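In listed order, ligands and their atoms are each counted from 1. As the structure is a prediction and not an experimental result, all values here were calculated from the model. Any value given below was found using the heavy atoms of this structure, including those in side chains, with hydrogens, waters and symmetry copies removed.
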Amino acid sequence: MSGTIVVELGARSYPIDIGRALIGDPVRYRRHVAGHQVMIVTNETVAPLYLGAVEAALHTYRVEKVILPDGERYKTLDVWNRIFDGLLEHRFGRDCTLIALGGGVIGDMAGFAAACYQRGVAFVQVPTTLLAQVDSSVGGKTGLNHRLGKNMIGAFHQPRAVLADTATLETLPDRELSAGLAEVIKYGLIRDPDFFDWLEANMGALLAREDEALAYAIARSCQNKAEVVAADELEGGQRALLNLGHTFGHAIETGLGYGEWLHGEAVGVGICMAAGLSQRFGWLDGASVARVRGVVESARLPTRPPASLGRQRFLDLMAVDKKVQAGRLRLVLLQGIGRAVVTDDFPPGSLEAVLDVGSTPAGQ
Ligand SMILES: NC(=O)c1ccc[n+]([C@@H]2O[C@H](COP(=O)([O-])OP(=O)(O)OC[C@H]3O[C@@H](n4cnc5c(N)ncnc54)[C@H](O)[C@@H]3O)[C@@H](O)[C@H]2O)c1
Ligand SMILES: [Zn+2]
């Protein structure tokens with residue numbers, strides 16, 4: 001199922017190319033790079049691994065680069081400003097193209113810079129983590145963290161293309177691979193039960209980084225995301241289902257400080273908590289909840305929140321999340337494997353009860 005998937009957005013439609021050795025192929029860029037000036041935005045970890053190949057593929061353009069420090073804690077306004085320093089120092093015009101080379105942090109920062117520089121310039125996503133290949137590089141959400149909340153500053157800005165090179169995953173740390181699998185599992189749970197079955201059967205192949213399995217999982221994940229984004233680009237409706245596990249997850253990330261737990265690890269726990277709450281609603285039976293936990297566990301992800309976050313702190317953190325509308329907390333829950341709904345109608349005490357489950361440290 002590797003190949004190309006198209007995100008259908010009329011005139012702003014774009015391809016997601018999935019396969020090996022894409023990042024060094026000049027043809028992949030030529031179709032999507034506007035103008036002659038290209039700014040590659042990457043970080044200190046990814047640059048020594050892949051910047052050379054991307055630069056070589058772009059040798060017919062005037063290429064400059066900005067190399068940012070590595071980590072979620074640098075996804076800030078201050079660090080982001082360095083991209084504009086680079087663009088302005090090199091006198092880049094409105095017809096330039098930004099290339100985001102790295103994981104979701106780089107994709108979000110470079111994409112948001114592309115949304116804002118001279119009121120919007122072209123950009124191409126070259127995601128190099130599993131999470132970025134299946135999720136953050138697709139769909140046009142870009143942004144930064146604020147001290148008081150994650151991804152609180154940002155814009156919608158669609159890329160011209162996404163190049164998901166599965167060969168780049170060979171250098172990804174195990175923990176990052178698992179974190180990406182949380183988002184992959186999410187697609188199966190919210191809208192693709194057959195994919196969930198496939199994941200239960202093929203998790204070993206994915207963890208062993210078998211190329212065919214990875215390409216299949218990336219393509220199927222992107223297909224799901226592309227369909228949701230095409231139906232609801234600006235998150236007025238069904239796109240919110242992609243936030244399964246995220247309100248819980250963001251509370252963990254913010255509560256512990258960015259970078260302590262990986263985004264995908266927090267989402268893995270969040271998915272389990274959402275399943276637990278769904279069971280309290282009578283929507284999911286025990287066997288289904290066990291399947292959810294089982295698949296999260298098999299991806300080598302934690303299934304319980306960190307003990308250090310108390311119940312009240314957890315509730316306070318969830319209230320800051322952007323899914324709170326008109327003062328009510330809205331959560332994505334499961335009515336079955338492959339069927340998700342957004343609701344703000346909780347039986348009294350049910351949320352508190354599911355948070356009580358969270359008294360055991362991750363991995364125990
Ligand atoms: N825009 C969206 O729709 C969206 C969706 C999901 C997540 N996100 C955001 O994505 C971010 C998380 O992304 P992430 O998980 O990719 O984290 P990340 O960007 O921090 O990358 C993880 C780590 O892997 C390193 N790395 C990247 N590629 C590598 C490679 N090929 N080999 C070795 N190391 C490599 C990075 O330098 C970093 O240390 C969060 O900020 C989250 O908010 C955005
Ligand atoms: Zn996510």
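Contacts between E176 and ligand 1 below 4.0 angstrom, taking non-hydrogen atoms only, involve the side chain exclusively. With a 4.0 Å heavy-atom cut-off, ligand 1 is reached by the side chain of N151 but not by its N, CA, C or O. Within the 4.0 Å heavy-atom criterion, the part of L49 lying near ligand 1 is the side chain and not the backbone. Contacts between L262 and ligand 1 below 4.0 angstrom, taking non-hydrogen atoms only, are absent altogether.
Atom-to-atom distance recorded for E297:CD and R293:CZ is 8.5 Å, nearest 0.5 angstrom. Distance check, rounded to the nearest 0.5 Å: CD1 of I5 to NZ of K225 gives 13.0 Å.
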Under the criterion salt bridge (charged side-chain N to carboxylate O under 4.0 Å, His left out), I'd like the reasoning laid out for D165 against R20: C-alpha separation, chi angles, the key distance, then a yes or no.
CA-CA 5 Å; D165 188 333; R20 285 188 77 83; over 6 Å; no
Report the C-alpha distance between D25 and R28 in whole Å, list the side-chain angles of each, state the deciding distance to 0.1 Å, and finish with yes or no for salt bridge (charged side-chain N to carboxylate O under 4.0 Å, His left out).
CA-CA 6 Å; D25 179 359; R28 303 275 171 181; 3.4 Å; yes
Could you walk me through whether D108 and K141 pass salt bridge (charged side-chain N to carboxylate O under 4.0 Å, His left out), step by step?
CA-CA 7 Å; D108 279 10; K141 276 195 188 176; over 6 Å; no
Start with the C-alpha gap between H263 and E253, add the side-chain angles, then the distance that decides, and say whether side-chain hydrogen bond (donor to acceptor under 3.5 Å, both in side chains) holds.
CA-CA 7 Å; H263 175 74; E253 288 181 275; 3.0 Å; yes
Using the side-chain hydrogen bond (donor to acceptor under 3.5 Å, both in side chains) rule, take S288 and D285 through it: C-alpha gap first, then chi angles, then the decisive distance, then the call.
CA-CA 5 Å; S288 299; D285 54 28; 2.7 Å; yes
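Residue D135 places no N or O, backbone or side chain, under 3.5 Å from any N or O of ligand 1. Ligand 1 has no N or O atom lying under 3.5 Å from any N or O atom of R239, backbone or side chain. Distances between N or O atoms of T128 and those of ligand 1 include at least one value under 3.5 Å. Between V105 and ligand 1, a contact under 3.5 Å exists for at least one N or O pair.
Ring centroids of H157 and F112 are separated by 6.0 Å or more, keeping the two rings apart. Aromatic ring centroids of Y74 and W80 lie 6.0 Å or more apart.
The closest protein non-hydrogen atom to atom 40 (C) of ligand 1 is E72 OE1, 3.1 Å. Of the protein's non-hydrogen atoms, the one nearest atom 33 (C) of ligand 1 is T171 O, 3.1 Å. At the top of the distance list for atom 2 (C) of ligand 1, counting protein heavy atoms only, stands S136 CA, 3.6 Å. The protein heavy-atom contact nearest to atom 34 (N) of ligand 1 is P173 CD, 3.8 Å. Among all protein heavy atoms, the one lying closest to atom 12 (C) of ligand 1 is L131 CD2, 3.8 Å. When only non-hydrogen protein atoms are considered, atom 43 (O) of ligand 1 lies nearest to K150 NZ, 2.7 Å. For atom 35 (C) of ligand 1, the nearest protein heavy atom (residue, atom name, distance) is L172 CD1, 3.8 Å. Nearest non-hydrogen protein atom to atom 38 (C) of ligand 1 is D70 OD1, 3.3 Å.
Within H263, the N, O or S atom at minimum distance from the Zn ion (ligand 2) carries the name NE2.
Residue N43 has at least one heavy-atom neighbour below 4.0 Å for each of these atoms of ligand 1: 36 (C), 37 (O). Per-residue contacts place K75 under 4.0 angstrom from the following atoms of ligand 1 (heavy atoms of the residue considered): 9 (C), 40 (C), 41 (O), 42 (C), 43 (O). Here is the list of ligand 1 atoms found below 4.0 Å of a heavy atom in T45: 37 (O). Near V46, meaning under 4.0 Å from one of its heavy atoms, ligand 1 places the atoms 26 (N), 27 (C), 28 (N), 37 (O). Ligand 1 places these atoms under 4.0 Å from at least one heavy atom of T168: 30 (C), 31 (N).
The hydrophobic clustering, which links ILVMFWY residues whose side-chain heavy atoms are closer than 4.5 Å, places L130 and V267 together. Under the 4.5 Å side-chain heavy-atom criterion for grouping Ile, Leu, Val, Met, Phe, Trp and Tyr, L101 is not connected to V134 through any hydrophobic cluster. Linking Ile, Leu, Val, Met, Phe, Trp and Tyr residues whenever their side-chain heavy atoms come within less than 4.5 Å leaves L9 and V124 in two separate clusters.
Counting only non-hydrogen atoms, the option in P69, G104, G102, G111 that gets closest to atom 14 (P) of ligand 1 is G104. The option from T129, D108, I106 that lies nearest to atom 9 (C) of ligand 1, judged by heavy atoms, is D108.
A salt bridge is absent between D174 and R300; no separation between the charged side-chain nitrogens and carboxylate oxygens falls under 4.0 Å. Residues R291 and E200 are paired through a salt bridge, judged by an N-O separation under 4.0 Å between the basic side chain and the carboxylate. Ion pairing of D85 with R82 is absent here, as no side-chain N (NZ or NE/NH1/NH2) approaches a carboxylate O to less than 4.0 Å.
Residue contact annotation: E183 places an N/O/S atom under 2.8 Å from the Zn ion (ligand 2).
Ligand 1 has at least one atom lying under 4.0 Å from a heavy atom of K225.
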